[in-house]
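I have placed the structure first, in the form of structure tokens, so that the comments after it can refer back to it.
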Amino acid sequence: MWKNYLTRLVQSLPFFITGLWMTIAVSAISLAAGTLIGFFLGILRTRPNRLFRYLIGAWVDVIRGTPFLVQIFIVFFILPEFGIHLDAFPAAILALTNLGACFICEIVAAGIRSVPWGQKEAASSSGLTEWQQLRYVVMPQAMRTILPPLVGQYVLLIKDSSVVSVIGVTDVTRVGWLTVQRIPHGLMVFGLVGLLYFIICYPLIRLSNLLEKKMAKGTR
Amino acid sequence: MIRFKNVHKWFGKIHVLNDIQLEVGAGEVLVVCGPSGSGKSTLIRCINRLEPIQKGELIVDGMEVHDHKTNMRKLRAEIGFVFQQFNLYPHMTALENVTLAPMKVRKISKKEAISAGMEVMEKVGLGDKIDAYPAQLSGGQQQRVAIARGLCMRPRIMLFDEPTSALDPEMINEVLEVMKALAREGMTMVVVTHEMGFAKEVAHRVAIMDVGQVIEIAPPHEFFSNPKSERTRLFLSKILSH
């Protein structure tokens with residue numbers, strides 16, 4: 001019996017590959033946008049301006065303190081009540097970008113705070129602008145602290161992207177749901193789904209570990 | 001060059017600078033000493049507004065440091081600041097440390113910056129260390145790179161905040177020698193230090209601070225041989241005895 005399932009599963013492989021592409025597309029777009037926004041917010045969060053600091057801090061706390069499933073329901077089912085209608089794909093991108101930006105903001109802010117205050121004092125004493133201080137002195141040092149957890153966060157976000165299947169985005173998780181209705185062998189079907197996530201995430205996990213070792217070695 | 005007029009500063013309720021009156025002329029070398037917590041580091045950090053003052057006037061190189069509207073970047077480019085903890089950029093070589101500000105603030109070309117950088121590195125006796133990272137240098141060498149970093153901007157004033165306090169004793173002299181050479185060239189310098197040998201040799205005046213006030217200021221020979229206040233005598237007996 002299971003041999004028959006396996007044959008049919010192999011025949012559905014192209015369907016899984018389409019789903020995998022969707023997972024990669026949603027993740028890649030959200031991670032890229034989330035990284036940009038996350039760095040921007042993280043830098044703003046370490047500025048002296050209190051308003052920005054509190055606003056960003058409050059938003060990050062709300063997003064980090066609520067389930068992603070609830071967030072994506074709000075974007076897809078509640079926003080239309082306020083006249084904002086989004087298709088499943090842009091809704092997924094919006095929700096995942098926002099989630100990524102919030103986590104990355106915290107990682108970036110922590111990295112910037114890890115750079116000794118004297119570095120900023122030395123840079124500003126020599127007449128560099130705020131932007132130059134950040135660009136040439138603070139960020140290159142902060143990146144050592146930021147990179148390993150940043151890549152680790154990517155892994156978490158790629159896995160979180162499976163949640164977007166609930167609003168009808170045909171990512172690899174939803175392909176699993178649909179397939180298991182035709183091939184009623186859950187272990188086999190979702191084993192394949194899990195394997196596909198693992199194939200994307202494992203190199204990133206290795207990269208994160210490698211960066212961590214490298215950064216630890218290169219400190220003063 | 002530097003003029004403090006009734007300057008006050010508070011950290012919370014602590015009155016760290018209490019009605020400071022002080023003038024430093026062009027080419028003058030002023031040494032500031034005093035017990036820890038007396039406000040001497042705060043005093044020197046106010047000069048380039050690493051610390052803002054709350055009351056009074058502070059005029060440096062013709063610019064009003066007490067005025068919030070003053071463009072501090074322009075003034076800071078004219079003032080070299082040497083920290084107790086060196087604060088070299090650990091991700092850059094010595095030469096990159098020295099040439100960053102000239103290229104980004106003075107906007108000179110990389111080629112010019114490198115030749116100016118080599119020149120100041122030679123001057124502090126580290127011409128052979130331009131490609132070393134700070135972590136590969138001794139404390140004394142790091143502090144000399146920090147001095148070179150200040151000098152490469154061709155500043156009008158150099159400020160030193162306890163430049164030898166974080167150094168092992170055998171490295172103190174190599175830093176002091178560089179500073180003495182600078183003083184003899186006529187650089188305007190304010191130096192917070194307890195190195196009284198340095199003060200005797202090159203300072204034009206020595207000031208002593210206590211609880212946020214300048215309690216005595218005099219040329220070194222007077223300051224050391226005939227201190228007026230009891231507190232100066234007490235302080236000198238403590239630091240000169242070892």
Side-chain angles (χ1 to χ4, degrees), chain A residues 39 42-44 46-53 107-151 207-208 210-220, chain B residues 41 44-52 71-92 96-107 132-137 142-143 145-161 166:
Chain A
F39 268 81
I43 289 166
L44 270 187
T46 55
R47 301 266 79 194
N49 188 316
R50 278 199 194 162
L51 181 69
F52 279 136
R53 218 163 59 203
I107 293 172
V108 170
I112 291 175
R113 288 190 202 107
S114 76
V115 178
W117 185 246
Q119 291 290 314
K120 200 183 146 35
E121 285 196 334
S124 68
S125 292
S126 65
L128 295 172
T129 63
E130 291 282 328
W131 167 247
Q132 288 170 332
Q133 294 168 31
L134 203 62
R135 164 84 177 72
Y136 299 108
V137 177
V138 177
M139 281 318 274
Q141 296 181 63
M143 284 314 281
R144 287 179 169 283
T145 317
I146 291 171
L147 269 181
L150 180 67
V151 177
L207 179 64
S208 177
L210 192 82
L211 285 170
E212 196 149 358
K213 268 188 209 140
K214 214 175 143 193
M215 296 305 169
K217 217 193 297 175
T219 52
R220 53 174 164 173
Chain B
S41 274
I44 198 172
R45 288 163 60 85
C46 285
I47 296 174
N48 73 348
R49 210 202 276 160
L50 278 178
E51 304 284 355
N71 181 355
M72 283 309 294
R73 284 206 299 114
K74 218 171 142 195
L75 180 58
R76 282 172 176 167
E78 307 300 331
I79 304 175
F81 199 106
V82 176
F83 298 85
Q84 182 178 351
Q85 299 295 340
F86 331 135
N87 293 346
L88 292 180
Y89 311 134
H91 58 299
M92 295 183 191
E96 288 166 346
N97 264 279
V98 167
T99 54
L100 178 69
M103 286 196 298
K104 302 303 170 191
V105 179
R106 297 264 193 243
K107 310 276 184 208
Y133 283 89
Q136 298 165 318
L137 298 171
Q142 289 191 48
Q143 192 61 299
V145 174
I147 295 172
R149 177 170 69 178
L151 291 179
C152 203
M153 289 291 280
R154 308 202 183 286
R156 294 163 58 79
I157 301 169
M158 283 290 284
L159 306 175
F160 296 83
D161 186 8

*Of the backbone (N, CA, C, O) and the side chain (C-beta and beyond), which part of B:Arg49 lies under 4.5 Å from a heavy atom of chain A, both, or neither?*
neither

*Contact part of B:Met92 toward chain A, heavy-atom cut-off under 4.5 Å: side chain, backbone, both or neither?*
side chain

*Going by heavy atoms in the side chains, are B:Pro90 and A:Gln119 under 4.5 Å from each other?*
yes

*At what distance, to the nearest 0.5 angstrom, does CE of B:Met103 lie from OH of A:Tyr136?*
8.0 Å

*Would you indicate whether the side-chain heavy atoms of A:Thr129 and B:Val105 approach each other to under 4.5 Å?*
no

*Answer yes or no: are there more than 12 heavy-atom neighbours, outside B:Arg154 itself, under 6.0 Å from its atom CZ?*
no

*Considering all heavy atoms of both residues, which atom of B:Arg149 and which atom of A:Ala122 are nearest to each other, and what is their separation?*
NH2-CB, 3.6 Å

_Polar side-chain atom of B:Asn87 near backbone of A:Gly118 as donor-acceptor pair, under 3.5 Å_ = yes

*A:Leu128 to B:Arg73 - nearest heavy-atom pair and separation*: O-CD, 3.7 Å

_Validation row: A:Glu121, B:Arg45 side chains within 4.5 angstrom (heavy atoms)_ = yes

*asked:* Just so I understand: if I count every heavy-atom pair under 4.5 Å between each of B:Phe86, B:Tyr133, B:Phe83, B:Phe81 and chain A, which residue has the most?
replied: B:Phe83

*What option among A:Ser126, A:Ala123, A:Ser125 has the most heavy-atom pairs under 4.5 Å with chain B?*
A:Ser125

*A:Pro140 versus B:His91, closest heavy-atom pair with distance*: CB-CD2, 3.4 Å

*Side chain, backbone, both or neither: which part of A:Gln132 has a non-hydrogen atom closer than 4.5 Å to chain B?*
side chain

_Under 4.5 Å from a heavy atom of chain A, the part of B:Tyr89 involved_ = both

*Can you tell me if CZ on A:Arg53 sees more than 12 non-hydrogen neighbours from other groups inside 6.0 Å?*
yes

